[in-house]
Amino acid sequence: MCGRYAQTADMRELMEQFEVSGTSPQSSLPLNWNIAPTNPIYIIRADDRTGKDTQSKKALATVSWGLIGPWLTDMHEARASQSRAINARSESIHEKPTFRNAFRSTRCLIPATGYYEWATALGQYRPKQPFYITSRNGLQLPIAGIWSSWTAPNGEIIETASIITQEAQGELETIHSRMPVFMPSDRWDTWLNPRNSDVNELKALMVVEHPESIVIARPVSDAVNSVANNGKELTIETPLGEPETLF
DNA sequence: CCAGACGTTGTT
DNA sequence: GTCTGG
DNA sequence: CCAGACGTTGTT
DNA sequence: GTCTGG
């Protein structure tokens, strides 16, 4: 699922919606309607990693999309690892070597203006028909994620993040079998607090009744397929082509 | 013991 | 680094 | 996630 | 078919 998304808000807007009172990046990211794996992205995380901060202040940060296996030592392998670890299954995230440490200690929210989903071959839509999925209330989608820090051989510190997924529900199920985990605002502080490391409690936070009810999916053109394309037009609703094979 | 994986999605 | 498979 | 490459030697 | 790059 979520392998491409849009982030077209400025920092001020994100800091408002996510109540960021801690640190924030020195410079903002360019508006991007076609964010691809390994691209720079915004995340919201606890300002104080130790969890000693009782005010649970939140920070805005920029990281690279896709976690790096913590045992890796080679820059090239790290890059390859990132492309393969952009999504973490909520069902198994607590036991996967690539994700488990980050799940226990460094969770985050990944804000998305909207994300793209391509229809699967066996559904009711033309295979690869792209959809743009946004929040019904016009706010940013608060996607549950994890982040981690990796030190390259040359000493460079690379921070990365991955999106957590779950089984698709409701209407989204007709497009694709997976969807992101959306984190309700009343759970943000608990989710982000590094002191919370109980696997069962954390997994419970990812379970929401009718998570699909907060979003709406609209078909868009194939232009989004190529990462070379970028712009508001990628998100404009486009009529569906012939939905089924004619016989 | 050592070697090899370590991830997700979707699928003929 | 740590787990799984052989 | 999709698109595009998938190769070598020698060199303007 | 499978990997890399974006």
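Naming convention: chains lettered A, B, ... in sequence-line order (proteins, then strands); numbering from 1 in each chain. These numbers were taken from a predicted model, which means no experiment stands behind them.
When the P atom is compared between D:dT8 and E:dT4, the two are found 15 Å apart, to the nearest whole Å. Between the C1' atoms of D:dG7 and B:dG7, the separation comes to 29 Å (whole Å). Taking atom P on both E:dT2 and B:dA5, the two are 14 Å apart, rounded to the nearest angstrom. Separation of the P atoms belonging to B:dC1 and D:dG10 is 48 Å when rounded to the nearest angstrom. Comparing the P positions of B:dC6 and E:dG6 gives an interatomic distance of 25 Å, to the nearest angstrom.
Distance A:Ile93 CD1 to B:dG7 P: 11 Å, rounded to the nearest Å. If you take CD of A:Gln82 and P of E:dG6, they are 13 Å apart, rounded to a whole angstrom.
No salt bridge links A:Glu201 with A:Arg195; every basic N to acidic carboxylate O contact stays at or beyond 4.0 Å.
Using a 4.0 Å cut-off, no side-chain N or O of A:Ser226 falls inside it from OP1 or OP2 of D:dC2. The side chain of A:Arg84 contributes no N or O atom lying less than 4.0 Å from OP1 or OP2 of B:dT8. For B:dT9, neither phosphate oxygen OP1 nor OP2 lies less than 4.0 angstrom from any side-chain nitrogen or oxygen of A:Ser177. A:Asn225 has a side-chain polar atom (N or O) that falls below the 4.0 Å cut-off from OP1 or OP2 of D:dA3. Put simply, A:Lys128 has no side-chain N or O that comes within less than 4.0 Å of OP1 or OP2 on B:dT9.
Across E:dG5, B:dG7, D:dC2, the shortest atom-to-atom separation from the side chain of A:Lys96 is found for B:dG7. Comparing atom distances between the A:Thr120 side chain and each of D:dC2, B:dC6, B:dT11 picks out B:dT11 as nearest. The nucleotide whose nearest atom lies closest to any side-chain atom of A:His76 is, among B:dG7, E:dT4, D:dC1, E:dT4. Proximity note for A:Pro97 (side chain, C-beta onward) versus B:dT8, B:dT11, B:dC6: the nearest is B:dC6.
Under a 4.5 Å side-chain heavy-atom criterion applied to ILVMFWY residues, the cluster that includes A:Trp150 comprises A:Ile68, A:Trp71, A:Leu72, A:Met75, A:Ile158 as well.
For CD of A:Glu171, the number of neighbouring non-hydrogen atoms (other residues, nucleotides, ligands) closer than 6.0 Å is 12 at most. For CD of A:Glu167, the number of neighbouring non-hydrogen atoms (other residues, nucleotides, ligands) closer than 6.0 Å is 12 at most.
The hydrophobic clustering, which links ILVMFWY residues whose side-chain heavy atoms are closer than 4.5 Å, places A:Leu240 and A:Ile216 apart.
Once the 5.5 Å centre distance and the 30° plane angle are applied, the aromatic ring of A:Trp71 is found stacked with the base of B:dC6.
Checking A:Gln82 against A:Ser64 by side-chain atom types alone, a donor-acceptor pair falls below 3.5 Å.
Stem regions annotated for DNA chain B: B:1-6 with C:1-6, counting only runs of 3 or more consecutive pairs of Watson-Crick or G-U type with both contacts under 3.5 Å.
With A:Phe131 as the partner, the ring-ring contact (aromatic ring centres under 6.0 Å, His included) test is satisfied by one option alone out of A:Tyr5, A:Trp118, A:Tyr125: A:Tyr125.
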